[in-house]
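Reminder, nothing fancy here: chain letters follow the sequence lines and each chain counts from 1.
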Amino acid sequence: MADQTNPNDPNDQLHAMRHSLAHIMATAIQKLWPETKFGVGPVVENGFYYDVDINDRGDAKISEEDFAKIEAEMQAVIANNLPFERSELPIDEAIVWAQEHAQPYKEELLNDLKRAGTTVAKDLNADELGTIASADGATQVENVSFYRDGDFVDLCRGPHVESTGKVGAFKLMRVGGVYWRGKDNNPQMQRITGAAFATPKELRVYLDMLEEAKKRDHRKLGQELDLFVFSDMVGSGLPLFTPRGTIIRDELSNFTNNMRAQYGFQKVWTPHITKHDLYEKSGHWAKFGDELFLVASQETSDKMVMKPMNCPHHTRIYESQPRSYRDMPVRYMETTTIYRDEKAGELGGLSRVRAVTQDDSHVFCRQDQIETEINNLLACANELYETVGMKLRVRLSYRDESDGYLGPQELWNAAQTQLKNAVIANRLDYFEQEGEAAFYGPKIDFMATDAIGREHQVATVQLDFVQPERFGLDYTAEDGSKQTPVMIHCALLGSIERFMSVYIEHTAGKFPVWTAPEQIRLISVNQEPETVAFADAVSKQAWDLGLRLTVDNSNESVGKKIRASELMKIPYTIVVGDKEIDSGQVMPRIRKDMAVQDEAHAIGIEEFLKTVANEAKARVLKTSL
RNA sequence: GCCACCUUAGCUCAGCUGGUUAGAGCAGCUGUUUUGUAAACAGCAGGUCGUCGGUUCGAAUCCGACAGGUGGCUCCA
């Protein structure tokens, strides 16, 4: 959800309100559980949270049932309208304060802060740092500030509002377990998250958006619209696609395949299992070895694995022939399923699965071809997301200073610059982020905004100087020398499963004609032989036009059959009885989101079918009927 | 993998603090009805209450393990 306020802007009044609410919540929790140890309590998009540990023994936990209690305490603090008093202490005295008040987490933060410029900058993100002091991480901290609301004192940079009465509207949302400072070998605390806005009305709007998101949850719609299922017998993270869901998958991947075919991509096919040696060579084994599915062979002693990505396979095809500079670029694409042994807690619906289908592609090209190739891929991405009606912006994902990356720094710098130039040349809205790169190269990650304002990571274009080197790929240049090609990885949909989760929620299951599993439903008024014959004839015409039309000839009232069609969110419904048989015309019932005019009008049956077929071909979102 | 919560019919949900044959609506099936733009009527069938183990005279209900799911954390080639 787009947020008008900047959570990092300390001058923002809403920011101060949210910060103050975190403080007030801490006050309330301290009152209810006096032994509580506090972690950090920053402002986040749409609200605030506080990480707490309500007792040492770990045998007591805050649950959602406690929210009413906490909120009541908070309201009491707010009703008192006590001023927030700010004070400052030298850092060493602050550490003593933390010790005396048995606040080991605060003590740890203060000690890190004291060594500012060393560990703080690295381990603490700006937000967490911001909750305790005003240091920027690079300078030595001398004083830290405290805020007091009545009895409760909290170490905090602020700013806070003047008094506890001026905090706007809030609601506690959820509680979840978190690792102290995000490290999984640290103790676990509880994070209480609240939503907060300047007015009750704005809070209401936000809560309504969450309601709407719940209604269009792809797991719910996947069930209701019969798109995919899971089976305990098959396993977690392994979705099974029904006929309807499979149509959507195929339409999407055909689209991105055709688009790339126009830019010279050729389809290839590679097996789903391989010797693990392939990934030893690529570098993936060292980094992701424990997330591969192992396959035991009863015939050979080879250690086999399910493929977790396709790039190493594609390098084998490239390498199978000598390549000339004239052959470049070589462009392969393959829409195929890869397998990753994701941890159980990371799975969810179609968003994160263990069998991931990628519309994967790899370009092998010369240095001087990079720009054109990237431009082509950016054009494809633009066309795809324009067609599905999602706004795009891109993240330039760079490496950071850690040692998890392969290849020389100069190559990285060059690659990062080239990606940025391509993005600027294509006038894409972008932002840059360090630490988001793949281990073999920087990426352009596409973020799409859906119909209710949420942003999702989808397509990706990645530059790779490392794998061609490791696999010893080459081509013969004009002067007869051997040169190493550059690899460009790209997936336009990304993971089809993940894309579908986004797409289902974006459309709320109201698929446009081109992806709709069922495009037209024909409802018969009765089961007389003439009606059935007419329905069959229309059905045949539709089939010849490549349309997905189904006939509902069941012995039910027309009203009931209309309702069933509406519930399945089918784009067009036509009712067929004596009138239609006599006139040869139908009155299409158009799904509301697609209609451009209010009143329906009669149209010749053949013209209707042809119009719908053209709409499917053009992949339009609105009807021309 | 870690923390918390959840799992009753194909779906959505009742079933109070353990007590005789576990209920409803929708969907399904069978009749009747031949229907005109969001639900015709009647009947039938459908559950070893996620699985396994324990406590108890007695478990859908209490305890434990496992599986699956949800919300977080961590991770994401």
Side-chain angles (χ1 to χ4, degrees), chain A residues 49 51 53 58 61-65 173-193 214 217 219-220 223-224 226 229-238 279 282-292 307-312 338 340-349 351-352 356 358 360 404 406 436-441 443 445 457 460 462 464 466-467 489 491 494-495 498 521 523-528 531 553-568 573-580 586-590 600:
Chain A
Y49 69 76
D51 287 350
D53 180 0
K61 289 267 154 67
I62 293 175
S63 76
E64 287 193 24
E65 277 105 75
M173 301 300 289
R174 66 185 87 89
V175 53
V178 296
Y179 299 111
W180 167 235
R181 300 178 81 170
K183 298 221 170 58
D184 56 12
N185 46 356
N186 279 347
Q188 273 212 324
M189 307 181 71
Q190 288 188 287
R191 175 168 300 173
I192 320 293
T193 305
K214 220 170 177 178
D217 187 309
R219 291 166 295 206
K220 181 171 175 283
Q223 160 100 268
E224 289 171 3
D226 187 24
V229 296
F230 287 90
S231 159
D232 284 7
M233 251 187 264
V234 174
S236 188
L238 300 169
Y279 301 119
S282 69
H284 289 99
W285 184 260
K287 196 159 162 71
F288 299 107
D290 54 348
E291 285 169 56
L292 299 200
K307 66 174 174 184
M309 88 286 303
N310 307 300
C311 24
I338 58 175
R340 296 177 180 179
D341 199 358
E342 305 282 4
K343 298 194 170 45
E346 292 160 352
L347 302 169
S351 312
R352 190 83 178 266
V356 185
Q358 293 180 326
D360 208 359
L406 301 180
E436 289 289 336
F439 74 83
Y440 49 70
K443 306 190 282 182
D445 287 315
Q457 193 185 322
T460 177
Q462 311 177 357
D464 181 358
V466 172
Q467 290 195 65
H489 309 244
S495 142
R498 197 185 135 66
R521 182 168 294 188
I523 289 172
S524 62
V525 172
N526 56 45
Q527 282 78 49
E528 302 301 332
T531 314
N553 191 33
S554 59
N555 181 6
E556 297 288 353
S557 68
V558 169
K560 186 165 180 173
K561 292 198 273 191
I562 293 275
R563 180 178 151 80
S565 183
E566 287 281 347
L567 290 175
M568 290 305 276
T573 306
I574 52 175
V575 177
V576 165
D578 291 342
K579 274 194 299 197
E580 287 74 19
V586 288
M587 186 87 80
R589 191 184 162 99
I590 301 164

With both distances under 3.5 Å as the test, what is the Watson-Crick or G-U wobble partner of rA59(B)?
none
Contacts of Val576(A) and Ser63(A) projected onto RNA chain B by closest heavy atom; the upstream (5') one is Ser63(A)
Could you check whether Arg589(A) gets within reach of a base, just the sugar-phosphate, or nothing at all, counting any heavy atom under 4.0 Å?
base
Polar pair under 3.5 Å, donor/acceptor by atom type, side chain Arg191(A), base rC3(B)
no
Once you apply the 3.5 Å cut-off to both distances, tell me the Watson-Crick or G-U wobble partner of rA4(B), or none.
rU70(B)
If I compare all heavy atoms of Glu64(A) with all of Arg174(A), which pair ends up nearest, and what's the gap?
OE2-CA, 4.4 Å
Could you let me know what rA22(B) is paired to, Watson-Crick or G-U wobble, both distances under 3.5 Å, or none if it's on its own?
none
Can you measure Lys220(A) atom NZ to rU12(B) atom P for me and round it to whole angstrom units?
10 Å
Any side-chain heavy atom of Cys311(A) sitting closer than 4.5 Å to one from His284(A)?
yes
Return the nearest nucleotide to the side chain of Val525(A); candidates are rA38(B), rG36(B), rU12(B).
rG36(B)
Mind checking if Gly349(A) touches a base, just sugar-phosphate, or nothing, with heavy atoms under 4.0 Å?
sugar-phosphate
Check: Lys343(A) main-chain N/O paired with Glu346(A) side-chain donor or acceptor under 3.5 Å
yes
Interatomic distance, NZ@Lys579(A) vs CE@Met587(A), rounded to 0.5 Å, equals 7.0 Å
Per the atom types in the model, does the base of rG1(B) pair as donor or acceptor with the side chain of Tyr179(A) at under 3.5 Å?
yes
Rounded to the nearest 0.5 Å, the CZ atom of Arg521(A) sits from the CD1 atom of Ile562(A) at a distance of 10.0 Å
Nearest-angstrom distance, C1' atom, rC6(B) to rU51(B)
16 Å
Between rC62(B) and rU56(B), how far apart are the two C1' atoms, rounded to whole Å?
10 Å
Take the protein atom CG of Asn185(A) and the nucleotide atom P of rC75(B), then report the distance between them rounded to whole Å.
11 Å
Output yes if the stacking criterion (under 5.5 Å between centres, under 30° between planes) is met for Tyr440(A) over the base of rA77(B), else no.
no
For rG50(B) and rU70(B), measure between their C1' atoms and round to the nearest Å.
15 Å
With both distances kept under 3.5 Å, what pairs with rA9(B), Watson-Crick or G-U wobble?
none
Could you work out which one of rA40(B), rA77(B), rU74(B) sits closest to the side chain of Ala438(A)?
rA77(B)
Under a 3.5 Å cut-off for both contacts, is rU48(B) paired Watson-Crick or G-U wobble with anything, and if yes, with which nucleotide?
none
So for Gln188(A) and rC2(B), does any side-chain atom that can act as donor or acceptor lie under 3.5 Å from a complementary atom in the base?
yes
Could you give the distance separating rA60(B) and rU8(B) at their C1' atoms, to the nearest angstrom?
7 Å
Can a donor-acceptor pair be found, under 3.5 Å and without considering hydrogens, that links the side chain of Lys561(A) to the backbone of Ser524(A)?
yes
From C-beta outward on Met309(A), which listed nucleotide comes closest to its side chain: rU12(B), rG68(B), rA77(B)?
rA77(B)
Does a side-chain N or O of Lys214(A) approach OP1 or OP2 of rU70(B) to a distance below 4.0 Å, or not?
no
Find the distance Phe230(A):CZ to rG68(B):C1' and express it as a whole number of Å.
11 Å
Regarding rG36(B), can its base be found pairing with the side chain of Glu580(A) as donor and acceptor, where the two atoms are less than 3.5 Å apart?
yes
Quick one: the side chain of Glu291(A) and the base of rA77(B), do they pair up donor-acceptor inside 3.5 Å?
yes
Name the nucleic acid region contacted by Gly559(A), choosing base, sugar-phosphate or nothing; use a 4.0 angstrom heavy-atom cut-off, strictly under.
sugar-phosphate
Need one value for Glu224(A): base, sugar-phosphate or nothing, where a base atom within 4.0 Å counts as base even if backbone is also close, heavy atoms only.
nothing
Say you pick atom P in rG58(B) and the same atom in rG53(B); how far apart are they, in whole Å?
16 Å
What distance, rounded to whole Å, do you find between the two C1' atoms, one in rG15(B) and one in rU74(B)?
39 Å
Which part of the nucleic acid does Lys561(A) contact within heavy-atom distance under 4.0 Å: base, sugar-phosphate only, or nothing?
nothing
Below 4.0 angstrom from OP1 or OP2 of rA38(B), is there any side-chain N or O of Ser565(A)?
no
Quick one: label Lys287(A) by what it contacts on the DNA or RNA (base, sugar-phosphate, nothing), any heavy atom closer than 4.0 Å.
nothing
Do the non-hydrogen side-chain atoms of Lys220(A) and Lys214(A) ever get within less than 4.5 Å of each other?
no
Could you give the CD-to-P distance, from Glu346(A) to rC75(B), as a whole number of Å?
9 Å
Just how far, in rounded Å, is P of rU74(B) from NZ of Lys183(A)?
11 Å
Rounded to whole Å, how long is the line connecting atom CG of Leu238(A) with atom C1' of rG69(B)?
14 Å
Identity of whatever pairs with rC16(B) - Watson-Crick or G-U, under 3.5 angstrom
none
Value in whole Å for how far the P atom of rA4(B) lies from CD1 of Ile192(A)
13 Å
Which sits closer to the 5' end of RNA chain B, Glu436(A) or Thr573(A), going by the nucleotide each is nearest to?
Thr573(A)
Which part of the nucleic acid, if any, lies within reach of Val558(A) when heavy atoms closer than 4.0 Å are counted: base, sugar-phosphate only, or nothing?
sugar-phosphate
Expressed as a whole number of Å, how far does the P atom of rG28(B) sit from that of rC11(B)?
15 Å
Is the backbone of Gly441(A) close enough, under 3.5 Å, to the side chain of Gln462(A) for a donor and an acceptor to pair up by distance?
no
Looking at rA40(B), I'd like to know if its phosphate oxygens (OP1 or OP2) sit under 4.0 Å from a side-chain N or O belonging to Ser557(A).
yes
Taking 4.0 Å as the cut-off, does a side-chain nitrogen or oxygen of Arg219(A) come that near to OP1 or OP2 on rC11(B)?
no
Of all the nucleotides listed (rG36(B), rA77(B), rG72(B)), which has the minimum atom distance to the side chain of Val178(A)?
rG72(B)
Gap in Å between the two C1' atoms, one belonging to rG1(B) and one to rC76(B), rounded:
14 Å
Nucleotide of rG1(B), rU34(B), rU37(B) approaching Asn526(A) most closely (side-chain heavy atoms):
rU34(B)
Whole angstrom is fine here: how far is it from CZ in Arg352(A) over to C1' in rG69(B)?
17 Å
Which base sits across from rU34(B) as a Watson-Crick or G-U pair, both distances under 3.5 Å?
none
Mark yes or no for whether Ser282(A), through its side chain, and Tyr279(A), through its backbone, hold a donor-acceptor pair below 3.5 Å.
yes
